[in-house]
**Student:** 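Submitted below is the structure of interest, expressed as structure tokens.
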Amino acid sequence: MVKEQNIIELHNITVSFDGETVLDDLDLSIKDGEFVTFLGASGCGKTTTLRVIAGFISPDHGDVFFDGARINDLPPHKRQVNTIFQRYALFPHLNVFDNVAFGLKVAGMKKDQIKEKVEEMLELVNMRAFAQRKIHNLSGGQQQRVAIARALVNNPRVLLLDEPLAALDYKLRKDMQNELKRIQRQTGITFIFVTHDQEEALSMSDTVVVMNEGKIQQIGSPTKIYNEPENAFVADFIGESNIIDGVMLDDFKVRLDGRAFKCLDKGFAVNEPVDVVIRPEDVDIVSPEKGELTGEVSSITFKGDYYEMIVDVCGFKWMVQATDEQLVGAKVGLVIEPDAIHIMKKSKYSGMFGDYSTFSTEMDEMEEEARLEEERLEEEAAQEEKGDE
Ligand SMILES: Nc1ncnc2c1ncn2[C@@H]1O[C@H](COP(=O)(O)OP(=O)(O)O)[C@@H](O)[C@H]1O
Ligand SMILES: [Mg+2]
């Protein structure tokens, strides 16, 4: 159960390495008992944020609170926080039982108490029958379970999980996602989970924190993040999105591609430029006469339970997912219902995402490089011509 009070608060946290800002004025509250996920691409600052919470990094600015008390100066071992890393760092020469018992032995706990506690933890992760096994005789998933048992055995209030599933294959990963959810619910311990996988974040979390370039882009429930992305970065990062330039004509009315559409958003200035997000599954394909917009199908891919097509509307490439097959080159109409339209404020990410000419920025960069190369060659040819005169 998620409780009302915050267990962790970060206030204005800034961290830099070698003059480079890695966390930029982070503000975040985490509730006691919550399953929170930090989601973002590699290098955006997820691990650094965990290390600030665990106490391995002191921020340049800002404060860390635990249960309402400032803990900036509290060393890691005194914080009620444990971490599970991607490499579980188990002791290879010890068996499962002794791996889990290790910390308790060091802390001087009595033998029978240790036995009771370790067995309880092995039960929790379904590894009781494996107590005497050597670590190197375990599968990846089983090792992970031991790592979880070891991290929970001394009753931390918060467990930090830094991409713990990244090394597992797809099916095992699904199983461990369910297991982690179950263990979190069963113990009620606050989990702060890190991943760069958006599907994983959406399916596991009470709250998702979307990060980019050391900044929090949005904090919210999975449905909120998906249905109401705050800016073009979040819309693009979470699922597929067509992001089109629009202008708010009035409350509940937006113009895009020269046409007015009804929407459910209000509170923008009249004629305010906005970014309009429309998910591929929310576009209906109809005959061209019936379409609010018309376009030409430029590619189509069979995806199993739907077709994914790219539709060129006045030079902008929309992604549309539909159950009916279309032919490449076919003229089609698009219909978009008001609740399929989501309006976002313009941001520094406007214009960077949401056109499906290409899927990756790498392709965009290659095209840009090819274009520059062509310009250079033309320039050279022009120079040569000049020289010949
Ligand atoms: N100890 C360090 N010294 C210098 N740079 C670092 C250090 N730790 C992380 N960084 C840099 O900080 C940025 C964020 O890193 P990190 O928090 O590990 O990102 P993530 O976990 O999201 O992949 C990266 O650019 C990384 O290279
Ligand atoms: Mg990391």
Side-chain angles (χ1 to χ4, degrees), residues 1-17 21-40 43-85 151-152 154-164 180-181 183-185 187-196 201-202 204-225 228-231 233-234 237-238:
M1 270 295 289
V2 180
K3 303 206 182 97
E4 263 317 300
Q5 66 270 30
N6 292 331
I7 188 160
I8 286 173
E9 288 176 23
L10 303 181
H11 293 259
N12 308 105
I13 296 292
T14 299
V15 171
S16 48
F17 294 117
T21 304
V22 169
L23 295 183
D24 190 357
D25 205 20
L26 234 66
D27 271 308
L28 178 64
S29 306
I30 294 172
K31 293 212 182 311
D32 196 359
E34 209 174 1
F35 195 121
V36 178
T37 298
F38 295 170
L39 172 65
C44 73
K46 305 181 295 296
T47 296
T48 305
T49 310
L50 290 189
R51 290 173 67 80
V52 168
I53 293 171
F56 295 113
I57 294 177
S58 5
D60 306 346
H61 304 286
D63 295 312
V64 183
F65 287 84
F66 194 99
D67 273 345
R70 186 176 174 276
I71 57 161
N72 287 43
D73 304 318
L74 198 66
H77 67 274
K78 292 206 170 145
R79 299 188 182 193
Q80 294 169 281
V81 172
N82 276 346
T83 307
I84 296 181
F85 301 98
L152 292 179
N154 64 345
N155 299 323
R157 299 274 310 284
V158 176
L159 186 63
L160 309 179
L161 303 107
D162 196 353
E163 310 219 25
L180 282 173
K181 274 294 322 170
I183 292 166
Q184 195 270 332
R185 284 214 201 93
T187 59
I189 293 171
T190 306
F191 275 30
I192 307 179
F193 181 86
V194 164
T195 182
H196 57 266
L202 294 182
M204 293 180 77
S205 323
D206 296 315
T207 303
V208 179
V209 179
V210 184
M211 296 178 65
N212 188 44
E213 296 173 325
K215 277 185 180 293
I216 293 177
Q217 301 295 326
Q218 187 166 0
I219 304 172
S221 67
T223 47
K224 178 110 181 161
I225 298 261
E228 295 168 49
E230 206 132 302
N231 61 39
F233 176 84
V234 178
F237 196 71
I238 314 286

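One is the number of the first residue; the rest follow in order along the sequence. Side-chain atoms are counted along with the backbone in the values below, which use heavy atoms only and exclude waters and symmetry mates.
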**Student:** Quick one, Asp25 with Asn12, criterion side-chain contact (heavy atoms from CB on, under 4.5 Å). Give me CA distance, side-chain angles, the key distance, then yes/no.
**Tutor:** CA-CA 4 Å; Asp25 205 20; Asn12 308 105; 3.0 Å; yes
**Student:** Give me the one residue out of Leu28, Ile30, Asp162 that meets side-chain contact (heavy atoms from CB on, under 4.5 Å) with Ile192.
**Tutor:** Ile30
**Student:** Backbone N or O of Glu228 within a donor-acceptor pair of the Gln218 side chain at under 3.5 Å?
**Tutor:**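 Side chain of Gln218 to backbone of Glu228, a donor-acceptor pair under 3.5 Å: yes, one is there.
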**Student:** Go through the steps to decide whether Ile216 and Val210 satisfy the test side-chain contact (heavy atoms from CB on, under 4.5 Å), and finish with yes or no.
**Tutor:** CA-CA 6 Å; Ile216 293 177; Val210 184; over 6 Å; no
**Student:** How many angstroms lie between CZ in Phe17 and CG in Asp60, if you round to the nearest 0.5 Å?
**Tutor:**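 Between Phe17 CZ and Asp60 CG, I get 8.5 Å after rounding to 0.5 Å.
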**Student:** Is there a side-chain contact (heavy atoms from CB on, under 4.5 Å) between Thr207 and Phe35? Walk through the geometry before answering.
**Tutor:** CA-CA 7 Å; Thr207 303; Phe35 195 121; over 6 Å; no
**Student:** Between Asp73 and Arg70, what is the shortest heavy-atom contact and its length?
**Tutor:** OD2-NH1, 3.6 Å
**Student:** For the atom pair CE (Met211) and CZ (Phe233), what is the distance rounded to the nearest 0.5 Å?
**Tutor:**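 Reported to 0.5 Å precision, the distance equals 10.5 Å.
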**Student:** To the closest 0.5 Å, what do you measure between CZ (Arg51) and OG (Ser58)?
**Tutor:** 11.0 Å
**Student:** Restricting to non-hydrogen atoms, name the atom on His196 and the atom on Gly40 that form the minimum distance, rounded to 0.1 Å.
**Tutor:**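 In terms of heavy atoms, the two residues are closest at CB-O, 3.3 Å.
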**Student:** Given 3.5 Å as the limit, does a donor-acceptor pair link the side chain of Asn82 with the main chain of Leu159, or not?
**Tutor:** no
**Student:** Looking at Pro156 and Ala151, what are the two nearest heavy atoms and their distance?
**Tutor:**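 So the two residues come closest at CG-O, 3.4 Å.
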**Student:** Can you tell me if CD on Glu4 sees more than 12 non-hydrogen neighbours from other groups inside 6.0 Å?
**Tutor:**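 No.
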**Student:** Kindly compute the distance separating CD (Glu9) from CZ (Phe66), expressed to the nearest 0.5 Å.
**Tutor:**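 Result: 11.5 Å between the selected atoms.
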**Student:** Restricting to non-hydrogen atoms, name the atom on Gly55 and the atom on Pro76 that form the minimum distance, rounded to 0.1 Å.
**Tutor:** O-CG, 3.4 Å
**Student:** Can you tell me which residue among Ile225, Leu39, Asn231 is in a side-chain contact (heavy atoms from CB on, under 4.5 Å) with Gln217?
**Tutor:**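 Among Ile225, Leu39, Asn231, the one that satisfies the side-chain contact (heavy atoms from CB on, under 4.5 Å) with Gln217 is Asn231.
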**Student:** Looking at Arg79 and Ile71, would you say the former's side chain and the latter's main chain have a donor-acceptor pair under 3.5 Å?
**Tutor:**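 Present.
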**Student:** Give me the atom names and distance for the closest heavy-atom approach of Pro59 to Asn72.
**Tutor:** CG-ND2, 4.4 Å
**Student:** Could you check whether any side-chain heavy atom of Val15 comes within less than 4.5 Å of a side-chain heavy atom of Val52, counting everything from C-beta outward?
**Tutor:**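 Yes; the side chains approach each other to less than 4.5 Å.
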**Student:** Under 3.5 Å, side chain of Asp206 to main-chain N/O of Glu34, donor-acceptor pair present?
**Tutor:** no
**Student:** Please report the shortest heavy-atom distance between Cys44 and Glu213, naming the atom on each side.
**Tutor:**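 Heavy-atom minimum between the residues: CB-N, 3.9 Å.
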**Student:** With heavy-atom distances below 4.5 Å as the criterion, would you say the side chains of Leu10 and Thr49 are in contact?
**Tutor:** yes
**Student:** Please verify the inter-ring angle class for Phe65 with His11; under 30° counts as parallel, over 60° as perpendicular, anything in between as tilted.
**Tutor:** perpendicular
**Student:** With side chains defined as the heavy atoms from C-beta onward, is the minimum distance between Arg157 and Asp32 less than 4.5 Å?
**Tutor:**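 In contact.
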**Student:** Do any N or O atoms from the side chain of Gln184 and from the backbone of Ile189 form a donor-acceptor pair under 3.5 angstrom?
**Tutor:** yes
**Student:** Is there a donor-acceptor pair under 3.5 Å between the side chain of Lys3 and the backbone N or O of Gly33?
**Tutor:** no
**Student:** Between atom CG of Leu50 and atom CG of Leu160, what is the distance when rounded to the nearest 0.5 Å?
**Tutor:** 5.0 Å
**Student:** To the nearest 0.5 Å, how far apart are NE2 in His61 and CG in Leu23?
**Tutor:** 12.0 Å
**Student:** Please report the C-alpha distance between Thr195 and Met204 in whole Å, then the side-chain angles of each, then the deciding distance to 0.1 Å, and finally whether the side-chain contact (heavy atoms from CB on, under 4.5 Å) criterion is met.
**Tutor:** CA-CA 11 Å; Thr195 182; Met204 293 180 77; over 6 Å; no
